[in-house]
*Asks:* 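A single structure is presented below for examination.
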Amino acid sequence: MRRTLLGLAGTVALLLGLTAPALAFEPVNVVHTEKVKAGPYDLTVGFSTWPIKAMQSLDFTFAPEGGVEDKKGTLTLLYSGKKFNDDPLARHPRKREVWGLDIQALPEPGTWAFRFDIDGPAGPATGELTDLQVMEQPGPPMGLSWAISTIPLFGLIALIVIAWRRTRTVV
């Protein structure tokens with residue numbers, strides 16, 4: 001009886017909003033930063049994981065000195081001379097005072113560059129973070145991971161075939 005009353009009281013407290021809400025998202029933890037000069041604008045690029053590894057999700061933050069309120073910009077990701085991304089800079093969803101990319105992964109190991117085109121009160125300017133080294137993907141190779149992950153599927157198919165053969169009626 002006592003458990004029922006406690007459960008009922010807890011349910012009523014949740015429904016009425018009397019409990020403290022949990023954090024919906026963890027805050028961005030920047031563990032490494034790099035400075036970029038884009039004309040008159042100083043930009044701090046933050047990384048939530050360092051060193052960067054290919055196919056490993058992380059957060060990028062881009063914080064211009066003086067804030068983002070009166071500025072707009074574009075981020076271009078460059079790898080081996082090819083553009084991978086050419087999107088306008090948007091506020092980071094979990095760190096609203098800066099621009100950023102949330103849960104982003106760079107697909108290839110090698111040398112990357114980030115080009116920033118910023119337009120603000122001092123006019124348009126361009127800056128680059130060059131020689132950003134991205135290491136090999138962590139863990140086993142992707143083909144081996146996929147091969148291992150299909151073992152349960154083949155086991156299930158074998159089990160279904162054996163069960164079907166044992167339970168079928170022979171005409």
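Given the structure is predicted, the values throughout are model-derived calculations rather than measurements.
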*Asks:* Determine which pairs satisfy side-chain hydrogen bond (donor to acceptor under 3.5 Å, both in side chains) with at least one residue from residues 145-158, sequence neighbours left out, and list them in order.
*Replies:* none

*Asks:* Nearest 0.5 angstrom please: Leu89 CG to Ile118 CD1, how far?
*Replies:* 7.0 Å

*Asks:* Look up atom CG in Asp102 and atom CG in Leu58, then write down how far apart they are to the nearest 0.5 Å.
*Replies:* 10.0 Å

*Asks:* When you compare the side chain of Thr76 with that of Asn85, does any pair of heavy atoms fall below 4.5 Å?
*Replies:* no

*Asks:* Does atom CZ of Arg166 have more than 12 heavy-atom neighbours from other groups under 6.0 Å away?
*Replies:* no

*Asks:* Does Leu129 share a hydrophobic cluster with Met135, counting links as ILVMFWY side-chain heavy atoms below 4.5 Å and allowing steps through other members?
*Replies:* no

*Asks:* Hey, does Lys53 have a side-chain heavy atom less than 4.5 Å from the side chain of Val134?
*Replies:* no

*Asks:* OG1 of Thr130 to CG of Leu78: how many Å apart, nearest 0.5 Å?
*Replies:* 10.5 Å

*Asks:* Ring pair (Phe, Tyr, Trp, His ring centres under 6.0 Å): which pairs involve residues 96-128, sequence neighbours left out?
*Replies:* Phe60-Phe114, Phe62-Phe116, Tyr79-Trp112, Phe84-Trp112

*Asks:* Using a 4.5 Å cut-off between side-chain heavy atoms of Ile, Leu, Val, Met, Phe, Trp and Tyr, which other residues end up in the same hydrophobic cluster as Val30?
*Replies:* Val28

*Asks:* So, does Tyr41 use its side chain to make a donor-acceptor pair with the main chain of Lys71 at under 3.5 Å?
*Replies:* no

*Asks:* Can you name the nearest heavy-atom pair linking Pro40 to Ala125, along with the distance?
*Replies:* CD-CB, 3.9 Å

*Asks:* Evaluate the side-chain proximity of Phe154 to Leu156: yes if any heavy-atom separation is below 4.5 Å, no if none is.
*Replies:* no

*Asks:* What I'd like to find out is whether the side chain of Arg94 reaches to under 4.5 Å of the side chain of Ile103, using heavy atoms alone.
*Replies:* yes

*Asks:* What are the two closest non-hydrogen atoms of Pro121 and Asp70, and how far apart are they?
*Replies:* CG-OD2, 3.1 Å

*Asks:* For the side chain of Arg91 and the backbone of Arg96, is there at least one donor-acceptor N/O pair under 3.5 Å apart?
*Replies:* yes

*Asks:* May I ask whether Val31 and Ile52 are part of the same hydrophobic cluster, defined by side-chain heavy atoms of I, L, V, M, F, W, Y residues being less than 4.5 angstrom apart, directly or through others?
*Replies:* yes

*Asks:* Supply the atom-to-atom distance Phe47 CZ to Thr49 OG1, rounded to the nearest 0.5 angstrom.
*Replies:* 10.5 Å

*Asks:* Tell me whether Glu136 at atom CD has more than 12 heavy atoms from other residues, nucleotides or ligands lying less than 6.0 Å away.
*Replies:* no

*Asks:* State which residues pass side-chain hydrogen bond (donor to acceptor under 3.5 Å, both in side chains) with Asp119; sequence neighbours excluded, sorted by chain then number.
*Replies:* none

*Asks:* Please check if Val36 and Leu106 belong to a single hydrophobic cluster, counting links between Ile, Leu, Val, Met, Phe, Trp and Tyr side chain heavy atoms closer than 4.5 Å.
*Replies:* yes

*Asks:* Side chain to side chain contact (heavy atoms under 4.5 Å, CB included) with Thr111: which residues, sequence neighbours excluded?
*Replies:* Asp131, Gln133

*Asks:* Please give me the minimum heavy-atom distance between Glu97 and Val68, naming the atom from each residue.
*Replies:* O-CG2, 3.9 Å

*Asks:* Show the numbers, then the answer: is there a salt bridge (Lys or Arg N to Asp or Glu O under 4.0 Å) between Asp42 and Lys37?
*Replies:* CA-CA 5 Å; Asp42 290 323; Lys37 184 82 171 157; 3.2 Å; yes

*Asks:* How long is the gap from OG1 on Thr61 to CG on Leu43, to the nearest 0.5 Å?
*Replies:* 9.0 Å

*Asks:* Give every residue pair that meets the salt bridge (charged side-chain N to carboxylate O under 4.0 Å, His left out) criterion with at least one member in residues 72-88, sequence neighbours excluded.
*Replies:* Lys83-Asp86

*Asks:* Could you check if a side-chain atom of Thr126 sits within less than 4.5 angstrom of a side-chain atom of Arg115, using non-hydrogen atoms only?
*Replies:* yes

*Asks:* Going from NZ on Lys95 to CG on Asn29, what distance comes out if it is rounded to the nearest 0.5 angstrom?
*Replies:* 8.5 Å

